[in-house]
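Atoms within each ligand, like the ligands themselves, are counted from 1 in listed order. Bear in mind that the values here come from a model prediction, so they are computed numbers and not experimental data.
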Amino acid sequence: MSSQPYPAALHQSSTQSRTLISQNGQNTPTGGGTPNSGTGAPELDVRQQLLNYQKMFDQAAYPFINDASAYEKLSKIGQGTFGEVFKARCKSTGRMVALKKILMANEKEGFPITALREVKMLEQLKHPNIIDLIEVCSAKSSAPATKDRTTFYLVFSFCEHDLAGLLSNPKVRMSLLHIKTMIKHLITGLNKLHRSKILHRDMKAANVLISREGVLKLADFGLARPFVQRENSNVPRALYTNRVVTLWYRPPELLLGDRSYGTKIDVWGAGCIMAEMWTRQPIMQGDTEQRQLQLISALCGSINQEVWPNCVKMPLWNVMSSDTNTPLPQGKKRVLRSKLRHLMRLDGPDGRSQSDFKDDDAMNLLESLLAIDPDKRPTADEAEDDIWFYKEPLPKANVQDLMDTIPTSQFEYTVGKGAHAGRGRHHNNQPRPNQAQRQSNAIPAGQYRDTIF
Ligand SMILES: Nc1ncnc2c1ncn2[C@@H]1O[C@H](COP(=O)(O)OP(=O)(O)OP(=O)(O)O)[C@@H](O)[C@H]1O
């Protein structure tokens, strides 16, 4: 974030920001009092009032926000759920940035609360393994239909690659050291997040970016939210929505309707990403919540009180365990280790593929991250200190040597098609095929199947 402060309006709720702007003596909505204000002023038609607010918002001056014209847009690199993302260059410094346009679906409400939340969290999260928010900037539209409308952009430092893209590119050959370094960065970034009392809630390979210098950055805080630590077990935790986390990376507690979840939901996601580093595609690709639970049971063993004593307390336990079509399978052994062991392929020191993966420490860490019982998963802090990271080869500060082997940016590579198309958040819980699947002749484009690896 730049040292320039944001205008006060951006630090307030939309209602507060309206008040602040009015107090400046500018942009006061015309037409009298608010509905039911009790001032005796004639009540405005609600629509008219919203239009007034819109006008006020559009006319507001944002003196501490840089104008987006400071950046030259180069290409569109992504279409996020909340708006487009462009690669751009800072005209004065030449620095490459990603401009994430804030979708103003509800412009009359002012700066969207979801974006405000993302900005506020990113302000706190200055860390080498977390995407760097440089500043927020604004632009006035010149298009006739939206003339003088204000558009806001989040300005991030630009990352050349995302992990999903790297993994789906067969030309990218990773050694154990590359993988260990990237997992270490991922867990270190997650630890910073959790120490800052923030849940990411959308851990997936597509939300993990890698800079040209080979440093991994946790990105996309669109679903992130602050959480309150439960100090005393008698005090109920706050309830959150469980409609979070892309289905393939969603842990059993969320699939079973938990609304008082904690940091362990992100730890499960880190486990899925860790396994994917070797399998090169998401390890459990269900198309419904029930199927996802079945795939988890098939790989990680049956979900029952023996492995997870509190599972029966989950809100959807009864519904899911007695579902007539797809009941939760019982009697399934945990085969994570044996299944993944021979699927994990690594480029050996001689450059040839080693099919049998023998790193028990890596397997032990993976096993713990993917524990069915969230209480048995390590915290990110514990995982960061795992013995695996203290054994040879020791993780490095970056994977610059790997980046140097990739001639073209993954973004440039996919430009025009919209980088990461199909790997974004799954709308309506419908997973889309990842790039590896789209490239496979076995699966027609636009289709997916339940898969377990
Ligand atoms: N700092 C960055 N550097 C390079 N590309 C980026 C950066 N930030 C975002 N992108 C690109 O823009 C895409 C969308 O960004 P982001 O994931 O933050 O938005 P979103 O609206 O939350 O998207 P989604 O719906 O995919 O979760 C990313 O998948 C990535 O391709």
Side-chain angles (χ1 to χ4, degrees), residues 1 71 73-90 95-105 112 114-119 121-122 125-137 152-169 189 200-225 243-250 266 269 273 282 403 406 408-435:
M1 189 72 49
Y71 298 96
K73 276 187 195 166
L74 300 175
S75 54
K76 184 168 162 178
I77 53 172
Q79 175 67 64
T81 312
F82 301 111
E84 299 159 305
V85 185
F86 300 90
K87 180 179 183 178
R89 184 190 292 119
C90 175
R95 182 180 184 180
M96 289 300 177
V97 298
L99 293 182
K100 185 169 168 179
K101 188 173 174 180
I102 311 265
L103 198 67
M104 305 288 277
T114 46
L116 186 60
R117 196 196 250 178
E118 191 170 347
V119 169
M121 284 184 291
L122 284 163
L125 293 169
K126 293 292 163 194
H127 188 275
N129 299 124
I130 293 179
I131 194 71
D132 183 32
L133 176 65
I134 301 168
E135 65 173 343
V136 178
C137 66
F152 291 98
Y153 295 91
L154 303 188
V155 185
F156 293 97
S157 55
F158 183 75
C159 284
E160 296 294 315
H161 305 278
D162 79 285
L163 188 57
L166 283 190
L167 294 174
S168 65
N169 183 347
H200 187 277
R201 304 200 305 178
D202 200 12
M203 293 286 285
K204 60 179 174 182
N207 285 340
V208 174
L209 303 181
I210 298 151
S211 70
R212 189 185 280 281
E213 295 74 35
V215 179
L216 180 147
K217 318 257 176 196
L218 213 45
D220 192 357
F221 286 75
L223 274 186
R225 65 156 300 144
R243 309 294 287 177
V244 288
V245 185
T246 301
L247 190 56
W248 296 345
Y249 299 82
R250 207 177 291 171
D266 291 337
I273 295 170
M403 295 301 113
I406 308 166
T408 319
S409 156
Q410 194 70 27
F411 293 124
E412 283 151 21
Y413 182 67
T414 46
V415 110
K417 295 176 208 147
H420 318 291
R423 289 200 302 269
R425 189 168 301 134
H426 303 149
H427 304 283
N428 306 322
N429 289 325
Q430 289 303 306
R432 299 178 201 161
N434 68 4
Q435 188 165 321

Ligand-residue contact atoms, ligand 1 with [X], heavy atoms, under 4.0 Å:
| X | result |
| --- | --- |
| Ile77 | 4 (C), 5 (N), 6 (C), 31 (O) |
| Ile131 | 1 (N) |
| Lys100 | 16 (P), 18 (O), 19 (O), 20 (P), 22 (O) |
| Phe158 | 3 (N), 4 (C) |
| Ala98 | 1 (N), 2 (C), 3 (N), 7 (C) |
| Asn207 | 17 (O) |

| So is Lys204 actually on top of Tyr249's ring, under 6.0 Å and inside 45° of the axis? |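 So Lys204 doesn't make the cation-pi contact.
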Does some side-chain heavy atom of [Y] sit less than 4.5 Å from a side-chain heavy atom of [X]?
| X | Y | answer |
| --- | --- | --- |
| Asp220 | Leu209 | no |
| Asp162 | Val208 | no |
| Lys126 | Asp132 | yes |
| Val136 | Val119 | yes |
| Arg225 | Arg201 | yes |
| Cys137 | Phe152 | no |

| Region of Ala219 that comes within reach of ligand 1 [heavy atoms, distance under 4.0 Å] |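 Neither part.
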| task | Mind checking whether Glu160 contacts ligand 1 via backbone (N, CA, C, O), side chain (CB onward), both or neither, at a 4.0 Å heavy-atom cut-off? | result |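 The answer is neither; Glu160 stays 4.0 Å or more away.
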| query | Looking only at distance, does Phe156 have an N or O less than 3.5 Å from an N or O of ligand 1? | reply |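 No, since none of the N or O atoms of Phe156 sits under 3.5 Å from an N or O of ligand 1.
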| field | Selection from Thr246, Asp220, Leu223 by shortest heavy-atom distance to atom 22 (O) of ligand 1 | value |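 Closest candidate by heavy-atom distance is Asp220.
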| Out of Val85, Val97, Leu154, who gets a non-hydrogen atom closest to atom 13 (C) of ligand 1? |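 Answer by nearest heavy atom: Val85.
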| Does some non-hydrogen atom of Gly222 fall short of 4.0 Å from ligand 1? |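 In this structure, Gly222 fails to qualify as a contact of ligand 1 - no heavy atom is under 4.0 Å.
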| message | Yes or no: does Asp162 have any heavy atom under 4.0 Å from an atom of ligand 1? | response |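 No, that is not the case, since the closest heavy atom of the residue is not under 4.0 Å from the ligand.
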| field | Modelled atom types, side-chain donor and acceptor of Lys73 and Tyr153, under 3.5 Å | value |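 There is such a pair between these side chains.
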| field | Verdict with supporting geometry, His200 and Phe221, side-chain contact (heavy atoms from CB on, under 4.5 Å) | value | CA-CA 6 Å; His200 187 277; Phe221 286 75; 4.0 Å; yes
